[in-house]
K.L.:
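After the structure tokens below, expect a handful of questions from me.
Remember, predicted model here, so these are calculated numbers, not experimental data. Side-chain atoms are counted along with the backbone in the values below, which use heavy atoms only and exclude waters and symmetry mates.
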Amino acid sequence: MIAIRIRGQKNFMAKLLTKDIFDKYLLEEATIETFNTFTIDGKLNRDFFAGSEGFDNGADTALLSEQFSSWSMIRPICLNLIKGKQTPLSFKFVLLVDRCSKEEFLRAKEIDMQADQVSFGIIIKFSSGEVQITTGISHKTFTMDKTAEKAWDAYIPSFLDSNGIDYEIL
């Protein structure tokens, strides 16, 4: 686990809320404090989609195979809650890697682990005028092997670099 402080918050927030660079992530939960505290549980309600027209293509099937909503689905809602003249008091987004990206990551890093045995995520938090990202990994079973954790902790700074996001590791 590493903690990262975002420099150039305006640039980061624009990319987080208006660009697609985080769209492959899944939203586990969001809390936004403005004039009210808004809490979003990212867990998909599959019953909502039952019988819906237009939910038969591959992208929709992939969406419904996940437990949580994609960031791309929730991002416009969060943007609406955050945008305006006043800065939010705070926010927190817990984002997880989707199954396909997780499998790709494990394969690329040559980590001998099944995708359903591990979760990779980041927590993006704004409070006291500062944006921080914390990396995290969760295993379904106990392991002493830290290979996946080290690979994830190395990946996030490279992801930020490749997307022009200024930061410092704390």
Side-chain angles (χ1 to χ4, degrees), residues 1-34 37-45 58-84 87-109 111 115-116 118-138 148-170:
M1 176 173 70
I2 59 171
I4 298 168
R5 178 182 300 124
I6 298 299
R7 297 187 289 217
Q9 289 180 24
K10 190 172 189 166
N11 174 49
F12 174 77
M13 291 305 297
K15 290 181 179 187
L16 176 67
L17 296 171
T18 64
K19 306 294 182 198
D20 66 357
I21 66 172
F22 290 94
D23 280 1
K24 287 184 85 174
Y25 285 86
L26 305 173
L27 179 80
E28 183 176 29
E29 68 178 78
T31 304
I32 301 169
E33 282 190 80
T34 57
T37 299
F38 300 91
T39 304
I40 300 170
D41 175 358
K43 192 168 186 174
L44 278 172
N45 292 320
D60 299 325
T61 302
L63 164 74
L64 293 175
S65 71
E66 297 288 355
Q67 182 179 2
F68 298 103
S69 299
S70 65
W71 175 245
S72 63
M73 289 177 71
I74 305 295
R75 179 169 46 89
I77 297 164
C78 294
L79 173 61
N80 265 348
L81 293 171
I82 291 174
K83 73 179 179 181
T87 303
L89 298 172
S90 69
F91 64 73
K92 179 174 111 173
F93 303 121
V94 179
L95 301 177
L96 303 174
V97 175
D98 71 305
R99 182 176 184 81
C100 182
S101 298
K102 191 177 1 173
E103 289 171 349
E104 186 179 305
F105 179 79
L106 291 169
R107 208 172 22 258
K109 301 298 181 186
I111 299 170
D116 62 350
V118 65
S119 292
F120 298 101
I122 56 175
I123 298 171
I124 303 171
K125 189 175 181 180
F126 172 76
S127 65
S128 304
E130 187 172 278
V131 177
Q132 287 191 6
I133 297 175
T134 305
T135 63
I137 181 172
S138 168
E149 184 175 346
K150 289 178 183 175
W152 183 242
D153 288 347
Y155 170 76
I156 292 300
S158 68
F159 171 81
L160 297 174
D161 286 337
S162 69
N163 286 289
I165 297 170
D166 191 20
Y167 66 92
E168 65 179 308
I169 297 176
L170 302 176

K.L.:
Parallel, tilted or perpendicular: which fits the ring planes of Phe120 and Phe105, with parallel below 30° and perpendicular above 60°?
P.N.:
perpendicular
K.L.:
In terms of relative ring orientation, are Phe22 and Tyr25 parallel, tilted or perpendicular, with 30° and 60° separating the classes?
P.N.:
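Judged by the thresholds at 30° and 60°, the geometry between Phe22 and Tyr25 is tilted.
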K.L.:
Could you check if a side-chain atom of Val118 sits within less than 4.5 angstrom of a side-chain atom of Ile111, using non-hydrogen atoms only?
P.N.:
no
K.L.:
Is the number of heavy atoms from other residues, nucleotides or ligands under 6.0 Å of Lys15 NZ greater than 12?
P.N.:
yes
K.L.:
Answer yes or no: is there a side-chain heavy-atom contact under 4.5 Å between Gln9 and Phe126?
P.N.:
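When only atoms from C-beta onward are counted, Phe126 and Gln9 do touch, with a gap below 4.5 Å.
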K.L.:
Provide the closest heavy-atom pair for Ser69 versus Leu44 in the form atom of the first, atom of the second, distance.
P.N.:
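Smallest heavy-atom distance, with atoms named: OG-CD2, 3.4 Å.
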K.L.:
Flag the pair Asn11 / Asp166 as yes when at least one side-chain heavy-atom distance between them is below 4.5 Å, and no otherwise.
P.N.:
no
K.L.:
Give a yes or no on whether the backbone of Gln132 and the side-chain of Arg5 come within a donor-acceptor separation of less than 3.5 Å.
P.N.:
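A pair under 3.5 Å: no.
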K.L.:
If you measure from the Lys or Arg side-chain nitrogens to the Asp or Glu carboxylate oxygens, is any gap between Glu103 and Arg107 under 4.0 Å?
P.N.:
no
K.L.:
For Ile137 versus Ala148, what's the shortest heavy-atom pair and its separation?
P.N.:
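So the minimum-distance heavy-atom pair works out to CD1-CB, 3.6 Å.
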K.L.:
State the NZ-OG1 distance between Lys125 and Thr31, to the nearest 0.5 angstrom.
P.N.:
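So the gap between those two atoms works out to 10.0 Å.
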K.L.:
Rounded to the nearest 0.5 Å, what's the gap from CD1 on Ile133 to CG on Leu160? Could you check?
P.N.:
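That separation rounds to 5.0 Å.
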K.L.:
Less than 4.5 Å apart, any side-chain heavy atom of Phe93 and any of Leu16?
P.N.:
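Answer yes - side chains close enough.
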K.L.:
Closer than 3.5 angstrom, by distance alone: can the side chain of Glu149 be matched with the main-chain N or O of Met1 as a donor-acceptor pair?
P.N.:
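Yes: the side chain of Glu149 pairs with the backbone of Met1.
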K.L.:
Could you measure the distance from the CD1 atom of Ile124 to the CG atom of Leu95? Nearest 0.5 Å is fine.
P.N.:
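That separation rounds to 4.5 Å.
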K.L.:
Would you check, one step at a time, whether the test side chain to side chain contact (heavy atoms under 4.5 Å, CB included) holds for Ser72 with Asp20?
P.N.:
CA-CA 7 Å; Ser72 63; Asp20 66 357; over 6 Å; no
K.L.:
For the residue pair Ile77 and Phe38, establish whether any side-chain heavy-atom pair is separated by less than 4.5 Å.
P.N.:
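No - every pair of side-chain heavy atoms lies 4.5 Å or more apart.
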K.L.:
Show the numbers, then the answer: is there a side chain to side chain contact (heavy atoms under 4.5 Å, CB included) between Thr34 and Leu81?
P.N.:
CA-CA 8 Å; Thr34 57; Leu81 293 171; 5.5 Å; no
K.L.:
Does the side chain of Glu168 reach to within under 4.5 Å of the side chain of Leu170, using non-hydrogen atoms?
P.N.:
yes
K.L.:
Working note: Ile40 + Leu27, criterion side chain to side chain contact (heavy atoms under 4.5 Å, CB included); need CA distance, chi angles, decisive distance, verdict.
P.N.:
CA-CA 9 Å; Ile40 300 170; Leu27 179 80; 4.0 Å; yes
K.L.:
So, taking the atom named CD1 in Ile122 and the one named CD in Glu28, what distance separates them when rounded to the nearest 0.5 Å?
P.N.:
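Separation between the atoms: 12.5 Å.
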K.L.:
Could you give me the CA-CA distance, side-chain angles and deciding distance for Ile21 and Ile165, then say whether side chain to side chain contact (heavy atoms under 4.5 Å, CB included) is met?
P.N.:
CA-CA 11 Å; Ile21 66 172; Ile165 297 170; 3.8 Å; yes
K.L.:
Other residues, nucleotides and ligands only: do more than 12 of their heavy atoms fall within 6.0 Å of NZ on Lys102?
P.N.:
yes
K.L.:
Check whether any side-chain heavy atom of Asp98 sits under 4.5 Å from a side-chain heavy atom of Ser70, and report yes or no.
P.N.:
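Not touching, per the 4.5 Å side-chain cut-off.
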K.L.:
So, Thr135 side chain and Ile2 main chain: donor-acceptor pair closer than 3.5 Å or not?
P.N.:
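Indeed, once roles are kept as given, a pair shorter than 3.5 Å links the two residues.
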K.L.:
Flag the pair Glu29 / Lys92 as yes when at least one side-chain heavy-atom distance between them is below 4.5 Å, and no otherwise.
P.N.:
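They are in side-chain contact.
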K.L.:
Report the distance from atom OG of Ser127 to atom CD of Glu33, rounding to the nearest 0.5 Å.
P.N.:
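CD of Glu33 is found 9.5 Å from OG of Ser127.
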